[in-house]
Amino acid sequence: MIRAIRACKTAAEERAVVRKECAAIRSAVSENDQEYRHRNLAKLMFIHMLGYPTHFGQMECLKLIASAGFPEKRIGYLGLMLLLDERQEVLMLYIVGLALCALGNICSAEMARDLAPEVERLMQFRDPNIRKKAALCSIRIIRKVPDLAENFLNPASTLLKEKHHGVLITSLQLCTDLCKVSAEALEYFRKKCTEGVVKALKDVANSPYAPEYDVSGITDPFLHIRLLKFLRILGQGDADASDCMNDILAQVATKTESNKNAGNAILYECVETIMSIEDNSGLRVLAINILGRFLSNRDNNIRYVALNMLMKAITVDTQAVQRHRATILECVKDSDASIRKRALELVYLLVNESNVKPLTKELIEYLEVSEQEFKGDLTAKICSIVEKFSADKIWYIDQMLKVLSEAGNFVKDEVWHALIVVISNASNLHGYTVRSLYKAVQISGEQESLVRVAVWCIGEYGEMLISNTGMLDIEEPITVTESDAVDVIENAIRRHTLDLNTRAMCLIALLKLSCRFPVCSQRIKDIIIQYKGSLVLELQQRSLEFNSIIEKHQNIRPLLVERMPVLDEATYSGRRAGSLPATISTSNGAAINIPNGVAKPTAAPLVDLLDLSSDDAPAPSSSGGDFLQDLLGVDLSPASSQSGIQAQKNGTDVLLDLLSIGTPPAQSSSFASDILSSSQDKTSSGLLQTLSSPSAAQASSHAGGSPVMDLLDGFAPNPTTHDDNGPTYPSIVAFESSSLKIMFNFSKSPGNPQATIIQATFTNNSPNAYTDFIFQAAVPKFLQLHLDPASSSILPASGDGSITQDLRVTNSQHGKKSLVMRIRISYKVNNKENLEEGQINNFPRGL
């Protein structure tokens, strides 16, 4: 039958042979053919391994088990293990050895309880094979019924003294499982068996050649590995046990040959054990050096496991891993995708202030030749490294421009948003940056993110490009005319591969240049008017509006297209730390503070009023803040406001530049301000005025009204409202630990009983200051939560000062359900991360 099945060339032929054999076996079963019963069952087991149904032969197993001859019993028990499982109701017949094998494979919880004493007795049987099978059966029993673990402690510890390798391996597995299900078992083995296991490992490591156990010149590598794994469990968290095994681990690590796969397996387990037990710096350096040798191995699997282990080791001994940095960096360039990705993650962990520049240089050079499918991961890591460790802004800008030039199409939006924030703050580098971008876009014009940043900078600082303003010593002067600058933007807007946002940004830049380059004003107007018939509504609308500004509103055009206000880096970071959509904990996206203030954005709560990016932006809600958007903007990146641009202190009323592509974030003020000047003059010089405060805007929106506005003649101001503190509620201690205390003060919004304003006050009673302080919260679905940025990220020590942060909670089940909140506080003490969590259930009633 086996020969016939193997000779089949197609699956259909195989099925035909199997059907024929199964029919013959069914006939033999129905005729109760005893002579060929064991042979038929052997055929059924082969057919079962091929994946065909064999349920009709299950009773044949029982008949063979009940027969008198040993060969029939052996086939019967073997068939029982393969064809039956614990869900089958069968009458188990026990013959020592074979019965234990069957029990170890199919026993249920009820059977385990009934038979545990018998199995425990067989663990002391005179035959080592029976002891081995009893130990294996015990593993099944304690997995099914963990309560029985204590019954097997003494027999298991006795088996650890065995000389028979098979018994010793199974007893080690049994002890490992006992330690997993019982803390008492772990302590028992640490006290009673650590020295015995160390001696067993020493014996097997120093044993002479034994043909029955030899694998590639190494005595029983399977026993080596099992002993090392059990020592790892015993030594983890126990200094005494770790000290006891240090010598033998060093011996295994130094004497095991690494030119065979069996030796590498033992070395890997030895390294993992060394890294898991309590601290021994010398051993750990030895272990990391072994991993460094693994990285030079030609076998991809060995290199991959070495990289995995180095990622764990870097948290223990960074300096030892740093010695192998060059080898790890070579793995980033490996042909195997898995090794490349793992090596890149390890390089990211290795970066620090001292090596960031050479490592970044190596990664960017590799970016030029890397495969397309790897560029996304590589670009993300390089950008993260540059943002995290940039010491000065010119280096940051240079590296980001290199990345944008090589892989701008793989860069995420928040990366170039952050770059624009840094550029706007580096006033001494505006000229250098716009010239560098001009040269880069000439070479890499197909990289969309590069084009976006270049278009934005030329629109803002185009005159500095023409006049070579702000030249640095490292630069060489370049000659660029007004027409050349316009050419860059015209080429970009005509490139059909670029998306709508980029082309809309080009139109905004052209409008700004129409005022800054009077000699090109007519050419710019001609380019803009070409899109008045565009099939893309957004471009058509911008074209008509901008053309109207150029032709009919010459008196206000300079005010409309003046430079963007400086985008405040601290506010940009704070918004991403605290302004997430309601009902979502800020733990999903806390901003990462770095030396130059750049932070990766965590959310985009601002929505373009013209719905240009509505597919990607979350819809605004009453809890998320009433954000006024740039009417003609295409981007959601936050920016700061200059003097004269004011907004509510709570950060929810944002006053926007009419023609900018960014969104200025909130600054401290309690009254509405003029976008173009600090005065409240309503003449033609102040045509664009802001809406009123958030409370007025919310009241208007709840009433179903909206402010009357003229696209070019400004917004009509909203009616003002008077403050009303509403009902008062007692303050509570929301959270208190040994060093941190959080107080909540409550107030209600007038006319809206569902909304509650909570002022959280954080006090540090420890002698050490807390840095990078971040408060995060989550609420159930019937609540909506908005967190404003905290007053500071540093909490002074010894109660000498505090941090405040406002929370706004909207209870959709007001009067039915009380407030409840989960909180998480993270901070650093002496550069060490700390995390505290808790749940607040003691809110006053009626909130």
Side-chain angles (χ1 to χ4, degrees), residues 58 61-62 65-66 73-74 76-194 196-197 200 222-223 225-227 229-234:
Q58 290 176 351
C61 298
L62 299 182
I65 290 172
K73 285 183 179 293
R74 182 176 60 181
Y77 277 109
L78 186 57
L80 182 71
M81 287 186 286
L82 288 175
L83 305 182
L84 292 170
D85 57 37
E86 61 182 338
R87 295 186 296 271
Q88 303 292 332
E89 295 181 3
V90 296
L91 179 63
M92 296 299 299
L93 304 175
Y94 299 100
I95 296 178
V96 177
L98 294 178
L100 285 171
C101 288
L103 188 63
N105 279 276
I106 68 168
C107 86
S108 62
E110 292 76 15
M111 294 170 64
R113 287 191 180 94
D114 293 340
L115 299 172
E118 187 68 21
V119 174
E120 183 183 348
R121 181 183 64 82
L122 290 173
M123 290 175 69
Q124 303 169 10
F125 200 75
R126 62 181 181 277
D127 187 349
N129 288 319
I130 297 300
R131 295 199 299 273
K132 177 179 71 175
K133 292 178 181 180
L136 289 171
C137 188
S138 302
I139 295 171
R140 172 83 174 194
I141 290 173
I142 64 171
R143 288 178 180 175
K144 286 292 179 182
V145 189
D147 295 343
L148 297 175
E150 61 182 12
N151 298 341
F152 293 94
L153 292 182
N154 286 327
S157 61
T158 303
L159 291 182
L160 288 176
K161 302 172 184 176
E162 285 279 351
K163 298 298 183 183
H164 188 279
H165 286 204
V167 178
L168 188 52
I169 286 177
T170 54
S171 63
L172 287 165
Q173 183 60 52
L174 173 58
C175 293
T176 300
D177 279 58
L178 285 170
C179 292
K180 289 179 181 177
V181 300
S182 171
E184 292 80 5
L186 177 57
E187 288 302 318
Y188 177 85
F189 289 128
R190 277 176 176 164
K191 293 178 181 178
K192 301 283 187 180
C193 305
T194 302
V197 176
F222 303 102
L223 180 56
I225 289 170
R226 191 60 66 185
L227 286 164
K229 285 184 175 180
F230 189 52
L231 286 175
R232 186 187 317 156
I233 294 172
L234 297 179

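Throughout, residue positions are numbered sequentially from 1 according to the sequence presented.
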Side chains of Leu174 and Ile142: does their closest heavy-atom pair fall under 4.5 Å? yes
Intermediate values then yes/no, side-chain contact (heavy atoms from CB on, under 4.5 Å), Leu186 and Leu234: CA-CA 7 Å; Leu186 177 57; Leu234 297 179; 4.2 Å; yes
Check for a donor-acceptor pair, side chain of Arg131 on one end and backbone N or O of Leu122 on the other, with a separation under 3.5 Å. no
So the ring pair (Phe, Tyr, Trp, His ring centres under 6.0 Å) pairs with at least one residue in residues 127-146 (sequence neighbours excluded) are none
Counting C-beta onward and ignoring hydrogens, is there a side-chain heavy-atom pair between Leu160 and Cys175 closer than 4.5 Å? yes
Is the shortest side-chain heavy-atom distance between Thr158 and Gln124 below 4.5 Å? no
On a heavy-atom basis, which atom in Val145 and which in Ala109 lie closest, and how many Å separate them? CG2-O, 3.7 Å
A quick test of your reading: do over 12 heavy atoms of other residues, nucleotides or ligands sit less than 6.0 Å from CD of Glu187? yes
Does the pair Ser157 and Tyr188 meet the rule for a side-chain contact (heavy atoms from CB on, under 4.5 Å), with working shown? CA-CA 9 Å; Ser157 61; Tyr188 177 85; 3.6 Å; yes
Determine whether Phe152 and Ile139 make a side-chain contact, defined as any pair of heavy atoms from C-beta on separated by less than 4.5 Å. no
Is any side-chain heavy atom of Val197 closer than 4.5 Å to one of Phe189? no
Taking every non-hydrogen atom, the tightest pair across Ala135 and Thr170: CB-OG1, 3.8 Å
Please assess Thr176 against Ile233 for the test side-chain contact (heavy atoms from CB on, under 4.5 Å), listing each intermediate value before the final yes or no. CA-CA 8 Å; Thr176 300; Ile233 294 172; 3.3 Å; yes
Can you check whether Ile141 reaches Leu115 side chain to side chain, under 4.5 Å on heavy atoms? no
Atom CZ in Arg140, atom SG in Cys107: separation rounded to 0.5 Å? 5.0 Å
Going by side chain to side chain contact (heavy atoms under 4.5 Å, CB included), Met123 matches just one of Cys137, Pro155, Ser171. Which one? Pro155
From Leu148 CG over to Ser138 OG, what is the distance, rounded to the nearest 0.5 angstrom? 10.0 Å
Closest non-hydrogen atom pair between Gln173 and Asp177, with its separation: NE2-OD1, 2.6 Å
Roughly how far, to the nearest 0.5 Å, is the CZ atom of Phe230 from the CG atom of Leu168? 10.5 Å
Rounded to the nearest 0.5 Å, what's the gap from CZ on Arg126 to CD1 on Ile130? Could you check? 9.0 Å
List the atom of Glu120, the atom of Asn151, and the distance in Å for their closest heavy-atom pair. OE2-O, 3.2 Å
Taking every heavy atom of Leu178 against every heavy atom of Ala185, the minimum-distance pair comes out as O-CB, 3.6 Å
What's the separation between atom CG in Leu103 and atom NZ in Lys133, rounded to the nearest 0.5 Å? 13.0 Å
Which value, rounded to the nearest 0.5 Å, describes the distance between Ile169 atom CD1 and Lys132 atom NZ? 9.0 Å
Do Ser182 side-chain atoms and Cys179 backbone N/O form a donor-acceptor pair below 3.5 Å? no
